[in-house]
Amino acid sequence: MNKTILVTGGAGFIGSNFVSCERQRNNRIINLDILTYAGNLLNLEQLNGDPDHVFIQGDIRDRELVGKLLKGRQPDAVVNLAAESHVDRSIDSPESFIQTNIIGTYHLLEEVREYWKSLPAERREQFRFLHVSTDEVYGSLGPQAPAFIESSPYAPNSPYSASKAASDHLARAYFHTFGVPTLITNCSNNYGPRQFPEKLAPLMILNAIEGKPLPIYGDGLNVRDWLYVDDHCEALHTVVEKGKPGETYNIGGRCEKTNLETVNALCALLDEMIPTSRHVPHCSLITFVEDRPGHDRRYAIDCSRIRAELGWRAKETFESGMRKTIQWYLDNPAWVHSIKTGAYREWMLRQYGAGKNEDTPQRASK
Ligand code: NAD
Ligand code: TYD
């Protein structure tokens, strides 16, 4: 049977892709998003005129609004993707991370608890609250250490991952204390269409297309595990459908790469996809800049549990997913233009430009 799902943060990167995937499955979507710099209605353009996608601009901390939405729309599931999500911004200014990721999740859980209690027994039994989290809550791995499993201890190192860890603990506690059927997923680094170009993959793709420097932090040997966003969305769907309340599922691409490998691979794909560009070979744009403070060395996710218990596995390879991603950025100049607002330029200058020239990373170039 089709479901009604309240998605928070559905105008962001993963949220907008998740909402599109769920509409393709004919689930009805109530999309609550405050539209921060990372939220963008253009991300939802493909759903214009769709009566089964309802967008509401609002804050997950607004309990009155959330309560009204739950009562009025009667969702079968809530998927919480609303968050502040960029590590560098959390280092620059942690406050909004505490507000949205911790306080916001708490308010949402409180309203969901009230709503869930009011449901008739059968619907209460079937209701799910999925809290979407990150592998970063587990901290940093040594080069030979085994990948994170669901029972790995939490050891967050940035204000971002600390705020996500706190919200995970709240979601867990609401199951154990109140019985609210919460589930938690911890996923590795995503890439794909509509990702805001402050994150590694889109930043490098757009800078390379424009012939701007590609700023690699530190020695470029930090390792991340990469997953194409649609594979993540499919995993979230699977957890809502088949996951066991109170449980955690790790999601990853089994695709560990150093940042230097990732950026070189992107450059090679760009050389092939836009061979007439005057910036070929794009890897000549790589520049090493000062490292991020507290930069986690390695993340790796062991996703055997979701594979064995729920039957999920990633469909895209790194190459096929990155190819689709680059093609999307090449095909959507209007989207790219729209996000390059004053606020984006301001961030790029603060983070990379030291008020000089946004084309030249100045973070103490080595
Ligand atoms: P994003 O920054 O692209 O989107 C977040 C969305 O949340 C935006 O649309 C924003 O407007 C909205 N939002 C922020 N504060 C809000 C509030 N108070 N009320 C309502 N809406 C609010 O982030 P993303 O990359 O799509 O990540 C979504 C979730 O997935 C986050 O919880 C993140 O921690 C998690 N995650 C992301 C990745 C990744 O690689 N991007 C990997 C693992 C987990
Ligand atoms: P990011 O996309 O910010 O994700 P996260 O920090 O959440 O993993 O960064 C991915 C990796 O790329 C991380 O090791 C930091 C590095 N990085 C750079 O080297 N240069 C950049 O300009 C950015 C944004 C990230």
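Hydrogens, waters and symmetry mates are skipped; everything else that's a heavy atom, side chains included, is used. All of these numbers come straight from a predicted model, not from anything done at the bench.
For the pair Lys340 and Glu210, the salt-bridge criterion is met [side-chain N within less than 4.0 Å of a carboxylate O]. The pair Arg297-Asp219 meets the salt-bridge criterion, with a side-chain N (NZ, NE, NH1 or NH2) lying under 4.0 Å from an Asp/Glu carboxylate O. Ion pairing of Arg63 with Glu111 is present here, as a side-chain N (NZ or NE/NH1/NH2) and a carboxylate O approach within less than 4.0 Å. In summary, Glu136 and Lys164 do not engage in a salt bridge, as defined by a charged side-chain N under 4.0 Å from a carboxylate O. Remark: Arg323 engages Glu272 in a salt bridge, criterion side-chain N to carboxylate O under 4.0 Å.
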Salt bridge (charged side-chain N to carboxylate O under 4.0 Å, His left out) evaluation trace for Glu316 with Lys324:
CA-CA 10 Å; Glu316 298 291 342; Lys324 282 188 181 175; 2.5 Å; yes
Let me see the working for Asn157 and Asp296 under side-chain hydrogen bond (donor to acceptor under 3.5 Å, both in side chains), right down to the final yes or no.
CA-CA 7 Å; Asn157 289 320; Asp296 284 338; 2.7 Å; yes
Going through the checks in order, is the salt bridge (charged side-chain N to carboxylate O under 4.0 Å, His left out) test met by Glu309 and Lys242?
CA-CA 9 Å; Glu309 293 181 19; Lys242 302 197 223 159; over 6 Å; no
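Put simply, the side chain of Thr182 gets close to the backbone of Ala171: a donor and an acceptor are under 3.5 Å apart. For the pair Glu256 (side chain) and Arg224 (backbone), a donor-acceptor distance under 3.5 Å is absent. Although no hydrogens or angles enter the test, the distance criterion places no donor-acceptor pair under 3.5 Å between the side chain of Asp135 and the main chain of Tyr299. Side chain of Asp92 to backbone of Asp88: no donor-acceptor contact under 3.5 angstrom is found. Judged by distance alone, the side chain of Asn190 and the main-chain N or O of Ser188 form a donor-acceptor pair under 3.5 Å. Checking side-chain atoms of Arg298 against main-chain N and O of Leu141 turns up no donor-acceptor pair under 3.5 Å. Here the side chain of Asn17 pairs a donor or acceptor atom with the backbone of Phe13 at under 3.5 angstrom. The backbone N or O of Cys21 lies less than 3.5 Å from no partner atom in the side chain of Gln24, so there is not a single donor-acceptor pair.
The closest side-chain heavy-atom distance from Arg254 to Ser304 is below 4.5 Å. Phe148 places none of its side-chain heavy atoms less than 4.5 Å from the side chain of Asp225. Counting heavy atoms from C-beta outward, Tyr344 and Pro197 have side chains that approach closer than 4.5 Å. Using a 4.5 Å heavy-atom threshold, the side chains of Thr248 and Asp168 count as separate. Between Thr287 and Leu214, the closest side-chain pair of non-hydrogen atoms is not below 4.5 Å. Contact check for Phe129 versus Leu183: no side-chain heavy atoms found under the 4.5 Å cut-off. Val66 is listed as a side-chain neighbour of Leu32, based on a closest heavy-atom distance under 4.5 Å. Side chains of Ile251 and Leu227 form a contact here, defined as non-hydrogen atoms less than 4.5 Å apart.
Note that CG of Leu109 is 12.5 Å distant from CD of Glu114, once rounded to the nearest 0.5 Å. To the nearest 0.5 Å, atoms CZ (Arg345) and OG1 (Thr341) are separated by 7.0 Å. The CG atom of Leu310 sits 11.5 Å away from the SG atom of Cys303 when rounded to the nearest 0.5 Å. Here the straight-line distance linking atom CD1 of Ile14 with atom CG of Asn43 works out to 12.0 Å at 0.5 Å rounding. For the atom pair CG of Asp59 and CG of Leu35, the computed distance is 11.0 Å after rounding to the nearest 0.5 Å. Note that CG of Asn186 is 4.5 Å distant from OG of Ser133, once rounded to the nearest 0.5 Å.
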Without placing hydrogens or testing angles, list every side-chain donor-acceptor pair under 3.5 Å for residues 74-84, not counting sequence neighbours.
unit_1, atom_1, unit_2, atom_2, d
Gln74, OE1, Arg123, NH1, 2.7
Gln74, NE2, Lys71, O, 3.1
Asp76, OD1, Arg123, NH2, 3.3
Asp76, OD2, Thr4, N, 2.8
Asn80, OD1, Thr8, OG1, 2.6
Asn80, OD1, Ala82, N, 3.4
Asn80, ND2, His131, ND1, 3.3

Donor-acceptor list for residues 278-286 side chains, cut-off 3.5 Å, not counting sequence neighbours:
unit_1, atom_1, unit_2, atom_2, d
His282, ND1, Asp271, OD1, 2.6
Ser284, OG, Pro281, O, 2.8

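Listed by chain and number, the residues in a ring pair (Phe, Tyr, Trp, His ring centres under 6.0 Å) with Tyr174 are Phe178 (sequence neighbours excluded).
Heavy-atom neighbours of His176 NE2 from other residues, nucleotides or ligands within 6.0 Å: above the threshold of 12. Taking a 6.0 Å sphere around CZ of Arg124, one finds it holds more than 12 heavy atoms contributed by other residues, nucleotides or ligands.
Of all non-hydrogen atoms in Ser20 and Gln46, the two that sit nearest each other are OG-NE2, 2.7 Å. The two atoms that bring Ala147 and Ile301 nearest to each other are CB-C, 3.7 Å, heavy atoms only. Nearest heavy-atom pair, Val180 versus Val112, reported as atom, atom and distance to 0.1 Å: CG1-CG1, 4.1 Å. Nearest heavy-atom pair, Ile306 versus Ala235, reported as atom, atom and distance to 0.1 Å: CD1-CB, 4.0 Å. The minimum heavy-atom distance between Ala265 and Phe318, with the atom names listed, is CB-CE2, 3.7 Å. Taking all atoms of both residues into account, the shortest heavy-atom contact from Val7 to Gly10 is CG1-CA, 4.0 Å.
Between Tyr138 and Tyr154, the ring center distance clears the sub-6.0 Å criterion. Aromatic rings of Tyr228 and Tyr191 (six-membered ring for Trp) have centroids within the 6.0 Å cut-off, being under it.
Under the 4.5 Å side-chain heavy-atom criterion for Ile, Leu, Val, Met, Phe, Trp and Tyr, Ile60 and Tyr160 are members of distinct hydrophobic clusters. Hydrophobic clustering, with ILVMFWY side chains joined whenever heavy atoms are under 4.5 angstrom apart, groups Trp116 together with Tyr106. Val19 and Leu69 fall into different hydrophobic clusters, defined by Ile, Leu, Val, Met, Phe, Trp and Tyr side-chain heavy atoms under 4.5 Å apart, directly or through other members. Residues Phe97 and Ile91 are members of one and the same hydrophobic cluster, defined by side-chain heavy-atom contacts under 4.5 angstrom among Ile, Leu, Val, Met, Phe, Trp and Tyr. Under the 4.5 Å side-chain heavy-atom criterion for grouping Ile, Leu, Val, Met, Phe, Trp and Tyr, Tyr37 is not connected to Val87 through any hydrophobic cluster.
The stretch residues 15-40 participates, sequence neighbours left out, in these salt bridge (Lys or Arg N to Asp or Glu O under 4.0 Å) pairs: Arg23-Asp50, Arg23-Asp52, Arg25-Glu234. Counting only residues at least two apart or in different chains, ring pair (Phe, Tyr, Trp, His ring centres under 6.0 Å) contacts with residues 231-258 are absent. Note on residues 190-202: pairs passing salt bridge (Lys or Arg N to Asp or Glu O under 4.0 Å), not counting sequence neighbours, are Arg89-Glu198.
Taking the six-membered ring where tryptophan is involved, the planes of Tyr329 and Trp335 are perpendicular, since the angle between them exceeds 60° and thus also 30°.
Looking only at atom types and distance, the side chain of Asn259 has no donor-acceptor partner in the side chain of Asn222 under 3.5 Å away.
Remark: Arg292 fails to qualify as a cation-pi partner of Tyr217 under the 6.0 Å distance and 45° angle criteria applied to the six-membered ring.
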